[in-house]
Each structure stands twice: as structure tokens, then as C-alpha cells.
Peer 1: 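Have a look at this one.
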Amino acid sequence: MSTDTGHHDDHAAHHDHDDHAPAGAMTDHAAMEHTPTPDPHAHHAPPADEVPHAGHGGHGAHVDHTGHELRFRNRFWICLALTLPVLLYSPMIQMWFGFTMPTFPGSAWVGPGFAIVIFLVGGVPFLQMAGPEIRNRKPGMMLLISLAICVAFFYSLVMLFVDPASGFFWEMALLIDVMLLGHWLEMRSVRQASGALDQLAKLLPDTAERIDADGATSIVAVADLHTGDTLLVRPGASIPADGEIVQGESSVNEAMVTGESKPVGKQTGDKVIAGTINGDGSLRVQVTATGEQTALAGIMRLVNEAQQSKSATQLLADRAAGWLFYIALAVAALTAVVWTVADGFNWHVVERVVTVLVIACPHALGLAVPLVVAISTSLAARNGILVRNRLALEEARLLDTVVFDKTGTLTTGQQGLAGMAVAGALDEDAALALAAAAEGDSEHVVARAIRTAAEERKLTMPPVADFEAIKGRGIEAQVDGKRIYVGGPRLLEMLALTPDATLADFAEEAGARGQSVVYLVTDERVAAAFAVADTVRPESAPAVRALHEMGKQVAMLTGDSEAVAGAVAGELGIDRYFAQVLPEHKDAKIAELQRNGQTVAMVGDGVNDAPALARADVGIAIGGGTDVAIESAGIILVQSNPLDVAKTIKLSFATYRKMVQNLWWAAGYNIVALPLAAGVLAPIGIELSPAVGAALMAVSTLVVAINAQTLRRVNLSGLEG
């Protein structure tokens with residue numbers, strides 16, 4: 001029995017794999033090592049004593065928001081409890097509600113005393129966080145909050161010796177409570193989004209069952225595994241490291257990593273991902289990556305990067321806070337000058353100035369964007385979309401054209417049965433079963449495509465004997481006592497056979513589409529023809545339709561021939577395509593579209609497409625399995641599903657809409673409150689006290705928080721058709 005060398009050689013030219021050339025590509029593991037530099041001006045940077053701790057273990061470091069959240073939560077409850085006596089012993093509150101509190105020596109200091117403790121416990125952390133903004137001369141959110149707290153506090157201290165009933169201690173206490181509550185809510189939201197990382201970390205088992213050289217098994221710590229080790233993964237067990245199956249067959253639940261709800265069938269040669277759950281079969285897996293190099297660690301790093309990065313709208317909010325700082329100072333100065341000229345300098349003027357500075361505090365503005373981006377990042381991750389750069393997600397809504405790489409993106413990158421035709425008495429199933437049986441011992445890609453098609457149809461294949469490869473032409477074998485052949489046109493030349501008109505027409509049409517054709521010969525006649533090609537993903541057509549419905553143009557780049565590119569583009573309804581493009585020239589095509597005024601996304605496999613991904617306005621990498629960390633892409637589609645591109649754009653629109661809504665809510669508070677606090681309507685008897693200002697601020701903060709949470713209701717799964 002001879003080997004399969006040269007089997008179907010005459011069809012190799014039909015399959016141009018330039019799309020997978022590795023030239024100039026960056027490895028995914030190298031990409032994983034990138035860690036963004038933290039932004040020292042981030043408005044929620046914790047004070048020195050509250051720096052979040054790095055993640056633990058070998059699962060990839062990430063910010064621990066839990067400790068930060070707990071500290072602000074505890075400070076909030078402590079300050080809220082201390083605020084109660086401040087309110088009860090406030091002369092203004094007693095006057096408003098018509099009650100009096102018991103008096104005793106020193107009772108006049110109950111309110112101020114508790115207020116001072118509240119300032120130290122709840123106010124000082126905001127002052128610490130304002131430090132970097134002062135040092136860098138970039139006023140922002142924390143400086144505005146600190147300004148409001150300090151003005152209210154020190155004004156009230158002075159008023160203790162002038163007019164104790166006019167102090168702002170209770171307003172300051174409520175202000176600090178609101179700030180702590182808002183910051184706690186923000187940290188809670190970020191922690192919940194980061195909770196996905198914690199859940200991912202928990203997927204990895206602590207130990208693994210390693211198969212030693214003598215065949216015995218031993219329990220070892222996952223941290224002690226090395227590349228090349230062979231592991232026994234029992235039914236129902238968690239897979240401890242990335243690897244390749246060397247023995248066994250099972251189904252694996254990958255939902256927690258890829259988002260794929262159905263268990264994925266696995267057999268010898270298939271790759272498995274650390275943290276996924278084995279099904280009913282027993283597997284022997286050879287380790288290919290451990291620790292920081294696993295797909296799971298890469299996913300965690302990408303999610304963490306997304307949480308640390310800032311969107312353009314968030315940067316706008318930070319700049320708005322800086323401008324608001326100067327506006328508050330200017331309005332306060334103008335208020336002082338105007339009212340001093342109009343009414344003379346008195347404590348009422350000072351109160352108005354203080355009110356302006358106190359209510360300018362923009363905590364709602366600070367919450368407007370961070371809450372939305374934290375929720376959108378988490379929502380994207382649950383749908384198999386890893387947002388590595390939030391700017392990319394925000395830019396996605398502005399896209400005019402989405403350019404797909406063909407091989408491995410719109411197609412599976414694997415040969416499959418694209419069509420078949422039969423002649424004579426054989427039906428399609430019988431012909432396919434015969435061909436698959438004859439190809440049973442061949443490892444050629446065409447043979448695998450035919451066998452896979454037969455397996456998918458659950459056909460019963462007859463026993464085969466005397467398999468032999470015919471170099472450069474095909475194979476022959478004995479099936480049920482009959483001599484059959486499978487091969488291309490050169491096989492028919494050797495056998496001096498000619499297909500009938502039906503099969504000849506089928507072969508001509510398949511050839512025009514760039515597909516390879518092989519024939520089944522039995523009883524000395526050509527009984528069937530099979531067209532084999534790189535199969536189109538079932539999600540590709542719905543993806544193109546969804547993008548068209550969004551008003552986006554769709555283009556395709558490929559190194560394949562004009563015939564192959566035209567066939568795929570026609571089948572999917574793609575607007576335009578570029579054929580026979582070398583990997584190193586793909587970025588030039590992206591630049592050409594951009595020069596025509598289009599905002600372009602490039603969707604590729606992140607290997608040879610790296611220059612094009614970097615050139616595009618939005619780089620989207622198809623990255624299944626261990627290929628999740630692509631340096632040049634801003635967004636990674638874990639499931640390698642083209643339909644997720646449309647989901648990304650839908651999420652981009654929803655995220656931006658919520659950001660803008662929140663910014664208007666937050667800005668609206670200041671637009672209304674500052675002029676009222678300055679006394680614009682005082683001549684007609686309408687004034688804004690610090691108490692009412694604090695209430696408006698609390699309402700604005702609450703509205704922003706609730707509106708951000710509604711983003712969770714966005715349905716990204718309604719794009720299947």
C-alpha cells in the first residue's frame with residue numbers, strides 16, 4: 001500500500017493561501033505583553049493610601065477595585081451616620097421642621113464637631129486625589145469636588161465665630177455623603193465589570209493530572225506545568241492549560257471564554273483552551289501554553305486594558321471638569337463684584353459666592369462617562385467582543401466602509417464540499433459515501449473535505465480494501481468488491497474517461513468560481529463530481545446583510561484569484577472586492593479608501609493583516625482560541641464571527657448615545673444651578689441655597705447612574721438574519 005504523496009496535486013494551484021503569509025506579523029503572545037501606562041490624571045485615581053492592589057496568582061494582573069470600593073462604601077456609611085447629629089443640631093433644620101433638640105453644656109458644638117470628623121474621614125480622600133491635578137496644573141473632577149468641600153468647611157468654621165446659624169456644616173456633610181455615594185457607585189460599577197476577570201481567573205483549576213514518562217499520573221500544581229507536558233483531563237474536569245489533544249474525543253464547553261453556548265466537539269489534533277470544561281469523554285492533552293501565555297490570561301489582560309483606556313467622550317468630560325473649575329471661579333468672582341457694587345460687601349455676598357463654589361461640584365459629570373464605558377465593556381465581553389481600546393469602540397459608529405479579509409474571516413480557512421453532481425443510478429448520498437470511504441486513508445485536504453461532508457450527513461461508509469495513491473492524479477481502492485477511483489481531470493485522462501454533459505457543466509461552473517473539482521469513477525464510468533473550496537462561514541451572509549441595513553458599505557480583500565474573489569463576493573452580496581492583493585499591500589488598499597473620504601474598519605485575522613489593521617480607523621481582529629491578543633487591533637472578536645462586527649457597531653451607537661445623554665444631564669445641572677446660585681433671579685425673589693443646590697446635585701447624580709444602567713438592556717443578539 002503506497003503513501004498519499006502528491007494526491008490531487010493538480011488542484012493545488014486553485015488554493016492561493018497568500019492570506020496566511022506570516023511576513024511582518026507580530027506574534028499574539030508578544031502582543032499580550034503590552035500594558036498601557038496608567039493615566040495620572042484619571043479623575044478616579046485613588047489616594048496614596050488607597051491604591052488598588054495588583055491581581056494575584058498567575059492569571060494575569062488586574063486592578064482590584066474591590067478594596068477601593070469597600071473603602072468608599074465604609075466611609076460613606078460612617079459619614080452618613082455622623083451626618084444625622086449634624087442635621088438634628090443644625091439651627092436651620094430645626095427651624096424648617098419646627099423641632100428642638102435637648103441642650104446641654106457644649107451642645108452647640110455637636111453639629112460642628114461631627115462635621116469636622118466627616119470632613120476628615122470623607123473629605124480628605126478627595127483632597128488627596130486632587131493633588132496630582134494641582135501638581136500637573138490640570139484641574140479636573142477631583143479639584144472641583146475638593147474646592148466645594150473646602151469652601152463649605154472653612155466658611156462654616158469662620159461663621160462659628162460670626163453667626164453660628166449661617167454655617168454650611170450640614171450642607172457640607174450632605175455634600176460629602178453624596179460624593180462618597182457617587183464614588184462608591186462608580187467603583188461598584190467598575191468592580192462589577194471587572195468581576196468578569198475574577199470569574200475568568202476562577203475558571204483555572206489549582207492542580208492538574210500530569211502523565212509521567214512511565215505512563216503513571218501525578219497531581220501537580222498548575223503553576224508547575226511546562227510546555228510539552230501531557231495531561232489527563234477527566235470527564236467534567238476543567239482544562240488546566242492551553243493544549244492540543246493527542247488522544248481522546250469529547251465535547252468541550254467553551255461558553256465562559258468564547259461565548260459559544262453549544263459544547264464544541266473535540267478530537268485528536270484539536271486545540272483546547274485553559275479554563276474550559278471537558279464533557280463526557282476522557283482526553284489526553286499536550287500543553288502548548290501555560291500561565292501568562294494562555295488564551296485566558298490574554299483575555300483578562302485585554303479586558304483590563306479596555307477598562308484602563310479612556311474614550312474620547314470620557315476625555316471630553318475630564319476637560320469639561322477643568323473648564324468648569326475656571327468657570328466656577330469666574331462666576332464666583334463676578335458674583336462677588338456685582339453684589340458688592342449693588343448691595344455693599346456683607347456676609348450675604350459671601351454666602352452667594354460660597355454657594356456658587358459649592359454647587360459647581362460636578363460629580364454627576366464625573367459619573368456620566370465612566371459608568372457607561374464600564375457597562376459597555378462588560379456587555380461587549382459577554383457577547384464575545386473584547387474592546388481593547390475604547391476609542392475604537394466609539395469610532396465604530398462613524399464607519400462608512402467595513403473591509404473584510406477573506407480567508408479565515410469570511411471563510412473558515414478550511415476546504416469543504418461546496419457542491420456535487422451525480423450521473424447514472426447513484427444518488428448524492430451513495431456517491432458521497434463511496435468517495436468518502438475511498439478517501440478514508442488519505443490525509444489530503446480534499447479528502448478531508450469529502451470525509452467531513454459525509455460525516456455531517458451521517459452517512460454509513462462501506463469497508464475499503466487495497467487503498468493506493470496515484471501520484472499527481474488521485475487514489476484507487478476496492479469498495480464492496482468494486483474498483484473505484486477518486487481524482488481530478490488528470491485521473492480521467494489516465495483512465496481515458498469523459499464525464500457526461502451534466503457533470504461537465506457542473507465542473508465548468510465550479511472552475512469559474514475558482515473551486516477544485518474531483519470525480520468519482522466506478523464501474524468504469526464517471527459517476528459523480530465534487531466541488532471543493534474554502535467554505536464560507538454561515539454567519540458571513542447575515543453579517544453583510546446587517547451591515548447593509550446599517551448603511552455601511554462592505555468590501556473584501558484577498559490574495560485569491562479574481563474568480564474566487566468574485567464568486568465569494570457575489571455569494572455574500574459584497575459591494576466591492578480587491579483580488580490578488582499581497583499581504584504587504586493590504587494596508588495600501590485601506591489607505592486608498594481613506595483618501596476617498598471614507599472612515600474604514602478592517603476585519604482580519606491579525607497575523608498578516610497587521611499593517612491593514614493598524615492603518616484602518618478601526619482595527620477588528622478575528623481571534624479565536626489562542627489568537628485573542630492582537631497588538632494592532634482595537635477590538636477582538638473572540639468567536640471569529642463576522643456577525644459580531646455588526647454587533648460592535650450597534651453597541652457603539654448605544655454607548656455613545658448614553659454618554660451624550662449623561663453629559664447633558666450632568667451639564668444641565670450646572671447650567672441651571674450656577675446662575676441661580678449667583679443670584680441672577682434674586683431681584684424677583686428666587687434664590688438657590690446650598691441645601692437646594694446639594695439636592696439638585698444628588699438628583700442629577702442619581703439620574704446619570706440610572707440612565708447608564710439602562711445600557712444593559714441593549715439587545716445585541718437580534719442581528720441573526
Side-chain angles (χ1 to χ4, degrees), residues 196 199-211 217 219 222 225 229-290 294-299 381-386 408 411-417 436 440 443 445 448-461 535-539 622-628 637-644 717 720:
Q199 294 304 315
L200 286 173
K202 293 176 184 176
L203 294 176
L204 282 180
D206 295 324
T207 60
E209 199 167 352
R210 185 169 61 192
I211 301 175
T217 62
I219 304 298
V222 169
L225 293 178
D229 287 349
T230 301
L231 309 178
L232 174 62
V233 183
R234 298 184 184 274
S238 180
I239 296 172
D242 287 0
E244 181 177 319
I245 298 174
V246 294
Q247 185 180 337
E249 186 173 337
S250 184
S251 60
V252 176
N253 182 355
E254 298 182 340
M256 62 290 293
V257 175
T258 67
E260 173 58 54
S261 58
K262 296 179 181 178
V264 180
K266 299 285 185 179
Q267 57 188 358
T268 301
D270 288 342
K271 297 186 182 302
V272 291
I273 305 172
T276 55
I277 308 298
N278 186 24
D280 296 332
S282 179
L283 299 176
R284 281 170 169 74
V285 175
Q286 186 174 55
V287 176
T288 58
T290 62
T294 62
L296 187 63
I299 291 174
R382 288 201 303 271
N383 283 273
I385 302 167
L386 296 182
T411 67
T412 62
Q414 299 176 350
Q415 297 295 299
L417 184 64
E443 287 303 316
V445 291
R448 286 200 297 271
I450 292 174
R451 287 200 307 272
T452 299
E455 291 167 1
E456 288 175 351
R457 296 193 186 191
K458 296 182 170 55
L459 301 180
T460 301
M461 287 170 273
T535 54
V536 174
R537 293 183 187 273
E539 307 90 354
I622 291 285
T626 56
D627 298 325
V628 296
L637 308 181
V638 176
Q639 300 178 63
S640 302
N641 184 349
L643 193 58
D644 287 344
S717 61
E720 305 303 326

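Heavy atoms only: backbone and side chains are in, while hydrogens, waters and symmetry mates are out.
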Peer 1: Do the side chain of Asn641 and the main chain of Leu643 share a donor and acceptor less than 3.5 angstrom apart?
Peer 2: yes
Peer 1: Would a 4.5 Å heavy-atom cut-off, applied to side chains only, mark Glu244 and Val285 as touching?
Peer 2: no
Peer 1: For Glu539 versus Pro642, what's the shortest heavy-atom pair and its separation?
Peer 2: CB-CD, 4.2 Å
Peer 1: Kindly indicate whether the side chain of Ile211, heavy atoms from C-beta on, has any atom under 4.5 Å from the side chain of Leu231.
Peer 2: no
Peer 1: Looking only at heavy atoms, which two atoms of Leu283 and Gly248 are closest? And how far apart?
Peer 2: CD2-C, 3.7 Å
Peer 1: Could you tell me which residues satisfy salt bridge (Lys or Arg N to Asp or Glu O under 4.0 Å) with Asp229, sequence neighbours excluded, listed by chain and number?
Peer 2: Arg210
Peer 1: So among Ile245, Ile239, Asn278, which one has a side chain to side chain contact (heavy atoms under 4.5 Å, CB included) with Lys266?
Peer 2: Ile245
Peer 1: Taking all non-hydrogen atoms of both residues, which atom of Thr276 and which atom of Ile273 are closest, and how far apart?
Peer 2: OG1-O, 2.6 Å
Peer 1: Can you list everything that forms a side-chain hydrogen bond (donor to acceptor under 3.5 Å, both in side chains) with Thr230? Sequence neighbours excluded, please.
Peer 2: none
Peer 1: Donor-acceptor pairs under 3.5 Å, side chain of residues 453-460 to any protein atom, not counting sequence neighbours: which ones?
Peer 2:
{"unit_1": "Arg457", "atom_1": "NH1", "unit_2": "Asp429", "atom_2": "OD1", "d": "2.9"}

Peer 1: If you compare all heavy atoms of Ala241 against all heavy atoms of Val287, which two are closest, and at what distance to 0.1 Å?
Peer 2: CB-CG1, 4.0 Å
Peer 1: Any side-chain heavy-atom pair from Ser282 and Leu232 closer than 4.5 angstrom?
Peer 2: yes
Peer 1: Between the side chain of Asp242 and the main-chain N/O of Thr288, is any donor-acceptor distance below 3.5 Å?
Peer 2: no
Peer 1: Grab the two heavy atoms, one from Ala436 and one from Met461, that are nearest each other, plus how far apart they are.
Peer 2: CB-SD, 3.4 Å
Peer 1: Nearest 0.5 angstrom please: Leu417 CG to Thr452 OG1, how far?
Peer 2: 9.5 Å
Peer 1: So Leu637 and Ile385, side chain to side chain contact (heavy atoms under 4.5 Å, CB included) or not? Walk me through it.
Peer 2: CA-CA 5 Å; Leu637 308 181; Ile385 302 167; 4.2 Å; yes
Peer 1: Who pairs with Thr268 by side-chain hydrogen bond (donor to acceptor under 3.5 Å, both in side chains), at least two apart in sequence or on another chain?
Peer 2: none
Peer 1: So, using side-chain hydrogen bond (donor to acceptor under 3.5 Å, both in side chains) as the criterion, who are the partners of Gln286 when residues are at least two apart?
Peer 2: none
Peer 1: Enter the distance from Ile219:CD1 to Asp206:CG here, rounded to the nearest 0.5 Å.
Peer 2: 12.0 Å
Peer 1: Using side-chain hydrogen bond (donor to acceptor under 3.5 Å, both in side chains) as the criterion, list what pairs up with Thr535, not counting sequence neighbours.
Peer 2: Thr412
Peer 1: List the atom of Ser250, the atom of Gly279, and the distance in Å for their closest heavy-atom pair.
Peer 2: OG-N, 3.4 Å
